[in-house]
Amino acid sequence: MTSFADFDFVEPIRLTLQNENYTTPTPIQAQAIPHLLLGRDLLGCAQTGTGKTAAFALPILNRLALSRRAPVARKPRVLILAPTRELAQQIDESFATYGRGLKFRQVVVVGGVSQLPQTRILNRGVDILVATPGRLLDLMGQGAIRLDGLDTFVLDEADRMLDMGFLPAIEKIVAALPVKRQSLFFSATMPPALAPLVNQLLRDPIRIEVAPQSTTAERVEQHVMFVAREDKRALLQNILSDVTVSRAIVFSRTKHGADKIARFLDAAGISTDSIHGDKSQAARQRALYGFRDGRTRVLVATDIAARGIDIDDISHVINYDLPMEPENYVHRIGRTGRAGAEGIALTFCDADERSALRGIEKMIKKQIPVRTDHPYHMQGGASQSAPSAGRRPARPNNGRPGAPGKGNAARRFGGKPAQTATGGRPQRRPQKAGAAPRSGGSQER
Ligand code: AMP
């Protein structure tokens with residue numbers, strides 16, 4: 001299928017796709033939609049950014065439209081289970097967008113907010129329920145939700161669910177599903193611990209695998225920037241002074257760090273907000289909307305909070321800190337370059353983060369090119385001084401192995417010492433580091 005017109009969608013969906021300018025299905029959509037329209041089960045190995053939400057939302061909406069009936073109180077017809085509140089919210093929005101012409105009733109059931117508005121809507125009857133496992137189980141326990149009227153069940157980001165300890169909750173939810181149903185299972189990776197759930201849930205599923213994790217985001221241009229820890233802020237500011245960095249997510253390893261970076265950027269006049277687990281659901285939502293609507297240009301996020309962020313046109317992902325887990329690198333950079341768009345991912349790496357970088361490169365099976373065309377490039381462990389930055393001079397090497405100082409580059413960075421774009425001489429003027437270099441600013445080690 002090379003066009004959405006080839007699918008047998010009801011007219012309101014066709015019109016919405018036209019309005020949304022969706023003409024060509026993504027690979028997962030092309031492969032999944034024909035089977036899902038027929039009611040088949042599906043095992044999908046795909047991550048966000050592949051167009052997976054539309055791959056399941058469009059056929060689900062179409063099937064609902066063809067068998068329309070009045071919603072029944074507390075008994076949804078479709079349940080989509082997601083690991084995080086943000087992802088649940090976004091899936092709900094996708095259903096609202098794709099189903100605009102169909103006017104189904106839907107509700108999001110997530111924790112961190114009052115349950116009263118959720119139960120009110122459920123009591124009036126909904127067609128589509130998007131939920132996170134904890135709150136769903138709470139409401140099932142109170143009799144506010146019953147799953148025996150389900151036609152379709154979708155489990156999204158199953159591997160994340162596993163990481164977050166939701167497997168026992170999911171097993172309880174699956175036990176409450178009706179025998180006759182359509183089930184869809186999506187996961188970016190398929191760890192063996194998920195196999196029993198797959199077998200229990202799916203019947204003769206079609207199997208689809210798109211963009212395996214290790215090769216994801218190949219369209220994202222990736223660079224690493226060696227920088228001393230104390231220069232990271234200045235480098236970040238330098239990058240963000242480039243107007244081509246139109247919408248950036250900055251990743252911090254800690255919540256506290258995220259707040260500090262956001263405060264620093266805000267004070268520097270760069271509109272910034274942060275999103276992490278210590279913020280209330282309302283504050284997280286505000287931060288996401290502000291970022292999506294373009295009111296804030298930079299969103300500083302931690303790994304957990306960023307899961308499932310689906311915002312188009314993120315020009316840059318900046319890894320201020322390297323992630324603890326190499327897999328998170330792939331999740332992070334997947335925030336840009338969505339649905340075939342191009343994106344740039346810049347990773348700051350200080351001396352202590354070298355082994356984490358090696359772990360990532362091993363996982364993605366490639367070396368990330370080094371950008372040296374910035375004023376804070378750390379050559380041999382000592383960063384080059386940026387004029388007018390008032391920074392302390394490069395520290396001497398006190399003879400310690402791997403300590404800052406010339407000549408350690410090969411040992412510290414592996415292989416050849418990193419070079420500046422101008423042939424190894426220190427940069428004279430700070431350069432804007434956000435845009436991709438036209439030539440010579442990036443090199444493979
Ligand atoms: P997802 O993988 O579901 O998170 O989708 C990633 C992004 O791609 C979302 O912002 C969608 O709006 C967009 N998208 C999905 N399918 C298409 C398509 N066929 N054409 C253009 N954009 C799409």
Side-chain angles (χ1 to χ4, degrees), residues 1-7 9 13-34 36-37 42 44-62 78 80-100 108 128 130 154-160 184-189 208-213 215-220 246-247 249 288-289 291-294 299 301 305-315 317 330-343 345:
M1 300 272 175
T2 50
S3 154
F4 278 110
D6 299 334
F7 297 126
F9 285 134
I13 295 184
R14 279 183 189 278
L15 286 176
T16 301
L17 290 173
Q18 274 169 25
N19 290 339
E20 292 290 312
N21 284 326
Y22 280 23
T23 49
T24 315
T26 65
I28 190 167
Q29 292 163 359
Q31 292 174 63
I33 290 173
L36 295 181
L37 283 171
L42 175 131
C45 201
Q47 48 195 195
T48 55
T50 53
K52 140 176 91 88
T53 318
F56 65 77
L58 293 170
I60 286 175
L61 286 163
N62 202 75
V78 175
I80 300 106
L81 207 53
T84 62
R85 300 162 191 174
E86 283 77 19
L87 183 59
Q89 217 83 47
Q90 282 167 7
I91 293 171
D92 180 67
E93 283 169 26
S94 295
F95 269 88
T97 304
Y98 302 137
R100 199 182 298 130
V108 190
I128 300 158
V130 189
V154 182
L155 182 63
D156 201 9
E157 302 212 344
D159 52 352
R160 293 269 157 210
L184 283 58
F185 184 106
F186 288 96
S187 195
T189 56
I208 294 176
E209 187 169 345
V210 294
Q213 186 168 8
T215 61
T216 347
E218 276 176 341
R219 63 202 177 275
V220 176
S246 54
R247 185 176 282 181
I249 293 200
L288 268 185
Y289 287 149
F291 186 56
R292 193 185 59 188
D293 300 345
L299 186 66
R307 277 175 198 165
I309 289 183
D310 172 19
I311 291 174
D312 293 336
D313 303 325
I314 292 176
S315 63
V317 166
V330 179
H331 287 293
R332 286 178 177 193
I333 70 168
R335 306 294 119 210
T336 183
R338 296 173 80 76
E342 286 185 3

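For ligands, and for the atoms within them, numbers begin at 1 and follow the listed sequence. Numbering starts at 1 and runs along the sequence shown.
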Return a yes/no value for [X]: is any of its N or O atoms, backbone included, closer than 3.5 angstrom to an N or O of ligand 1?
X	value
Asn21	no
Thr23	no
Gly51	yes

[X] vs [Y] side-chain heavy atoms within contact, under 4.5 Å:
X	Y	value
Arg332	Ile249	no
Val154	Ile60	yes
Ser94	Gln90	no
Thr16	Glu20	yes
Glu157	His331	no

Taking ring pair (Phe, Tyr, Trp, His ring centres under 6.0 Å) as the test, write out the residues that go with Phe9, two or more places apart.
Phe7
For Gln29, which part has a heavy atom under 4.0 Å from ligand 1: side chain, backbone, both, or neither?
side chain
Ligand-residue contact atoms, ligand 1 with [X], heavy atoms, under 4.0 Å:
X	result
Thr53	1 (P), 3 (O), 4 (O)
Thr50	2 (O)
Phe4	19 (N)

